[in-house]
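First listed ligand is number 1; within each ligand, the first listed atom is number 1.
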Amino acid sequence: MHDSASLSFDPERPSDFFYTRAMELGISGRRALVTGASSGLGLATARALVAQGVHVVIAARSSDKLATALTTCSPSRGATISSLVADVSDPDQVLQLVEQATEILGGIDILIANAGGPPPGNFASTPFAAYDVALRLNLLSTVAMCQAVVPQMQQQKWGRIVAITSSSVREPIDRLILSNTARAGLTGFLKTLAREVAGDAITVNSLQPGLHLTDRLSSLYPDPQALASSIPSGHLGDPDDFGHVAAFICAEHAKFVTGVAIPLDAGARHGLQ
Ligand SMILES: NC(=O)c1ccc[n+]([C@@H]2O[C@H](COP(=O)([O-])OP(=O)(O)OC[C@H]3O[C@@H](n4cnc5c(N)ncnc54)[C@H](OP(=O)(O)O)[C@@H]3O)[C@@H](O)[C@H]2O)c1
């Protein structure tokens with residue numbers, strides 16, 4: 001149900017109108033921690049959740065970026081949103097983050113596990129030490145987050161874990177050897193976890209973004225719009241669309257969806273799986 005005031009259309013803020021009319025997901029009042037959420041896909045997911053009445057804590061490393069990010073969110077139905085500074089590649093900071101978020105929210109029902117991507121490079125240009133850093137950022141961060149939140153989800157017999165990975169899990173991307181390596185390992189971890197905690201009404205899934213217009217894409221490619229022709233839809237992904245799909249995976253009625261890795265790439269990859 002939406003209150004009538006929230007349905008008025010402001011042409012200056014068309015996305016607010018869309019958010020207030022978004023499909024009812026049955027998660028109003030739930031509590032979410034969204035990491036890597038001061039920009040891009042993480043922020044868009046936080047925006048979609050808070051518009052569903054979910055109480056949200058967003059986390060990232062820069063407090064300035066987090067402060068700006070908060071101003072772009074429109075909480076609905078009494079939801080709250082706040083931020084915490086944390087580097088998720090550091091397991092001690094992850095523990096502290098989960099503790100603080102739990103205190104602020106009174107518990108965590110939904111975890112959106114996300115971080116920035118690792119630097120580009122191929123086999124010849126990438127030293128061993130870089131793998132260590134990338135695995136901490138894009139694999140072990142999510143392992144640490146899951147270790148910290150799963151026990152409380154098991155106790156409350158409800159949970160949603162969604163990791164943001166990459167379409168590179170399906171088709172490794174040239175020049176992104178660190179990302180290709182870390183995301184594949186993470187996907188194996190998540191599938192294993194999903195089966196182990198399904199009996200506790202916890203779902204564990206990953207979303208595999210194709211090319212979405214974010215800071216990350218602009219940092220990797222000088223002219224991201226030139227990539228649009230490589231996508232069957234002819235345009236880059238909209239982070240807000242991504243965010244709504246992520247929120248949908250957290251819906252009450254998505255309880256039978258677990259252990260899956262879903263590509264959001266407008267059909268860019270050729271494989272059947
Ligand atoms: N956009 C795409 O087309 C695409 C495609 C495939 C995969 N992906 C992957 O999807 C994820 C999100 O991408 P995006 O495009 O939204 O990236 P983005 O716009 O660069 O945003 C990354 C977010 O993560 C935060 N972050 C980075 N390192 C962090 C850390 N160590 N601890 C906590 N927060 C951290 C950043 O803020 P701070 O810097 O302040 O920490 C920022 O809020 C990345 O892993 C990316 O590689 C994206």
**Message:** One residue to check: L213. Relative to ligand 1, which of side chain, backbone, both or neither has a non-hydrogen atom less than 4.0 Å away?
**Reply:** neither

**Item:** Ligand-side contact atoms (ligand 1) for residue partner G40, heavy atom cut-off under 4.0 Å
**Value:** 16 (O), 19 (O)

**Prompt:** Shared ILVMFWY cluster between V56 and L111, side chains joined below 4.5 angstrom?
**Reply:** no

**Asked** Is any N or O atom of S167, backbone or side chain, closer than 3.5 Å to an N or O atom of ligand 1?
**Response** no

**Asked** Closest non-hydrogen protein atom to atom 6 (C) of ligand 1, residue and atom name please, with distance?
**Response** P209 O, 3.3 Å

**Complete:** For P118 and N138 the tightest heavy-atom approach is CD-OD1, 3.0 Å

**Asked** Looking only at N/O atoms, are A115 and ligand 1 under 3.5 Å apart anywhere?
**Response** yes

**Closest to atom 1 (N) of ligand 1 (judged by heavy-atom distance), picking from T214, D265, L220** = T214

**Prompt:** Which pairs pass salt bridge (Lys or Arg N to Asp or Glu O under 4.0 Å) with one or both residues in residues 123-136, sequence neighbours excluded?
**Reply:** D132-R136

**Message:** Just to be sure I read this right, does ligand 1 sit under 4.0 Å from the backbone of A69, its side chain, both, or neither, counting only heavy atoms?
**Reply:** neither

**Request:** Report, in ascending order of atom number, the atoms of ligand 1 lying under 4.0 Å from any heavy atom of S38.
**Result:** 36 (C), 37 (O), 40 (O), 42 (C), 43 (O)

**For atom 34 (N) of ligand 1, the protein heavy atom that lies nearest, with its residue and separation** = A60 CA, 3.6 Å

**Prompt:** If every non-hydrogen atom of A32 is compared with every non-hydrogen atom of L49, which pair is closest and at what distance?
**Reply:** CB-CD1, 4.0 Å

**Asked** Is it the side chain (CB and beyond), the backbone, both or neither of Q93 that lies under 4.0 Å from ligand 1, heavy atoms counted?
**Response** neither

**Request:** Indicate yes or no: does an N/O atom of R216 lie under 3.5 Å from an N/O atom of ligand 1?
**Result:** yes

**Complete:** For G117, the ligand 1 atoms with a heavy-atom partner under 4.0 Å come out as 44 (C), 45 (O), 47 (O)

**Request:** Could you tell me the residue and atom name of the protein heavy atom closest to atom 10 (O) of ligand 1, and the distance to it rounded to 0.1 Å?
**Result:** I164 CG2, 3.6 Å

**Item:** Distance in Å, I262 CD1 paired with S167 OG, rounded so as to fall on 0.5 Å steps
**Value:** 14.0 Å

**Message:** For atom 12 (C) of ligand 1, what is the closest protein heavy atom, and at what distance to 0.1 Å?
**Reply:** N114 OD1, 3.3 Å

**Message:** Measuring from atom 16 (O) of ligand 1, which candidate in V34, T35, L41 has the nearest non-hydrogen atom?
**Reply:** L41

**D174, CG atom: more than 12 neighbouring heavy atoms under 6.0 Å** = no

**Message:** Below the 3.5 angstrom mark, is there an N/O of G42, backbone or side chain, next to an N/O of ligand 1?
**Reply:** no

**Prompt:** Can you name the closest pair of heavy atoms from L137 and S141 and give their distance?
**Reply:** O-OG, 2.7 Å

**Request:** Find all atoms of ligand 1 within a distance of less than 4.0 Å from any non-hydrogen atom belonging to D215, and give their numbers and elements.
**Result:** 19 (O)

**Prompt:** Same cluster for L41 and V34 if Ile/Leu/Val/Met/Phe/Trp/Tyr side chains link at under 4.5 Å?
**Reply:** yes

**Message:** Give the atom numbers and elements of ligand 1 that come within less than 4.0 Å of a heavy atom of R183.
**Reply:** 9 (C), 44 (C), 45 (O), 46 (C), 47 (O)

**Asked** For ligand 1, is T165 a contact, meaning one of its heavy atoms is under 4.0 Å away?
**Response** yes

**Request:** With heavy atoms of H212 as the reference, note each atom of ligand 1 found under 4.0 Å away.
**Result:** 1 (N), 2 (C), 3 (O)

**Item:** Atoms in ligand 1 with a heavy atom of S62 nearer than 4.0 Å
**Value:** 40 (O)

**Request:** Could you find the nearest protein heavy atom to atom 25 (C) of ligand 1 and give me its residue, atom name and distance?
**Result:** G36 CA, 3.5 Å

**Nearest protein heavy atom with distance in Å, relative to atom 19 (O) of ligand 1** = S39 OG, 3.2 Å

**Request:** Answer yes or no: does an N/O atom from G210 fall short of 3.5 Å to an N/O atom of ligand 1?
**Result:** yes

**Asked** Can you pull the salt bridge (Lys or Arg N to Asp or Glu O under 4.0 Å) pairs that have at least one residue in residues 179-200, sequence neighbours excluded?
**Response** K157-D200

**Message:** If you count every heavy atom of other residues, nucleotides or ligands that lies below 6.0 Å from F189 atom CZ, does the total exceed 12?
**Reply:** yes

**Prompt:** Got a donor-acceptor contact below 3.5 angstrom from the N205 side chain to the V257 backbone?
**Reply:** yes

**Item:** ligand 1 atoms in contact with A86 (distance to a heavy atom under 4.0 Å)
**Value:** 32 (N), 33 (C)

**Request:** For L190 and T142, work out which heavy atoms get closest and say how close.
**Result:** CD2-CG2, 4.2 Å

**Prompt:** Is a salt bridge present between R31 and D109, judged by a nitrogen-to-oxygen distance below 4.0 Å?
**Reply:** yes

**Asked** Counting only N and O atoms by type, is there a donor-acceptor contact under 3.5 Å from the side chain of H55 to the main-chain atoms of L105?
**Response** no

